[in-house]
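The shown structure was predicted, so the numbers you read here are calculated from the model rather than taken from an experiment.
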Amino acid sequence: MFAFLTRLKAKPGKREALMALNLTMQNATAEEEGVPVYVFHTAADNPDEFYYYDLYETEAAYHAHCSTDAFRNMLSLLGDLAEVKEMTKLIPFGPIKSRLITDAL
């Protein structure tokens, strides 16, 4: 099991388009097996700064995710909308808890 924490900054005037692309990606990923946590955030003090946290049960689940049409589409559009500032691979430990927070949708 492993995760990624990715930080992006929306390009000027591109925040809304990036939000729409993110929601499309989140909806597509909700149907994927092996990705129990896939959540995007904006910084409370800077709404143009985005953080993505995605958790994969296996290497195969990660590669399956990266081969989807939704992921490839997101990658093809992302460079026009945002600058990737940092991406860190994480190894979780201890219990993992997650649930859908409906008021965030």
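- A single hydrophobic cluster is not seen to contain both Y62 and V37; linkage of ILVMFWY side chains at heavy-atom distances under 4.5 Å, directly or through other members, places them apart.
- Residues V35 and Y51 fall into different hydrophobic clusters, defined by Ile, Leu, Val, Met, Phe, Trp and Tyr side chains chained together at heavy-atom separations under 4.5 Å.
- Taking CZ of R72 as the reference point, atom OG of S67 lies at 6.0 Å (rounded to 0.5 Å).
- Using a 4.5 Å cut-off between side-chain heavy atoms of Ile, Leu, Val, Met, Phe, Trp and Tyr, with links allowed through other members, F71 and F2 fall into the same hydrophobic cluster.
- To the nearest 0.5 Å, atom CD of residue E83 and atom NZ of residue K9 are 9.0 Å apart.
- Considering all non-hydrogen atoms of both residues, A70 and A28 come closest at CB-CB, 3.5 Å.
- Atom CG of L81 and atom CZ of F50 lie 9.5 Å apart (nearest 0.5 Å).
- Side-chain contact, Y52 with N22: a donor N or O sits under 3.5 Å from an acceptor N or O.
- For the pair K14 (side chain) and D48 (backbone), a donor-acceptor distance under 3.5 Å is absent.
- Of the inter-residue distances, the one linking T24 atom OG1 with N73 atom CG reads 8.0 Å to the nearest 0.5 angstrom.
- Under the 30°/60° scheme for interplanar angles, the aromatic rings of Y38 and F40 are found to be tilted.
- Under the 4.5 Å side-chain heavy-atom criterion for grouping Ile, Leu, Val, Met, Phe, Trp and Tyr, L18 is connected to V84 within one hydrophobic cluster.
- Ring-plane geometry between F4 and Y56 is classed as perpendicular, the angle between the planes exceeding 60 degrees on a 0 to 90 degree scale with a lower cut at 30.
- Between L78 and L8 the shortest side-chain heavy-atom distance falls below 4.5 Å.
- We find the OG1-CE distance between T68 and M25 to be 4.5 Å, quoted to the nearest 0.5 Å.
- Residue L77 is not grouped with residue L23 when hydrophobic side chains (ILVMFWY) are merged at heavy-atom distances under 4.5 angstrom, including chains of intermediate members.
- Partners of P92 by side chain to side chain contact (heavy atoms under 4.5 Å, CB included), not counting sequence neighbours, listed by chain and number: M1, L55, I96.
- In this structure, T29 contributes its side chain and Q26 its backbone to no donor-acceptor pair below 3.5 Å.
- Counting heavy atoms from C-beta outward, T42 and R15 have side chains that approach closer than 4.5 Å.
- Annotation: the span from E57 atom CD to E33 atom CD amounts to 8.0 Å, rounded to 0.5 Å.
- Between the side chain of R7 and the backbone N or O of M87 there is no donor-acceptor pair closer than 3.5 Å.
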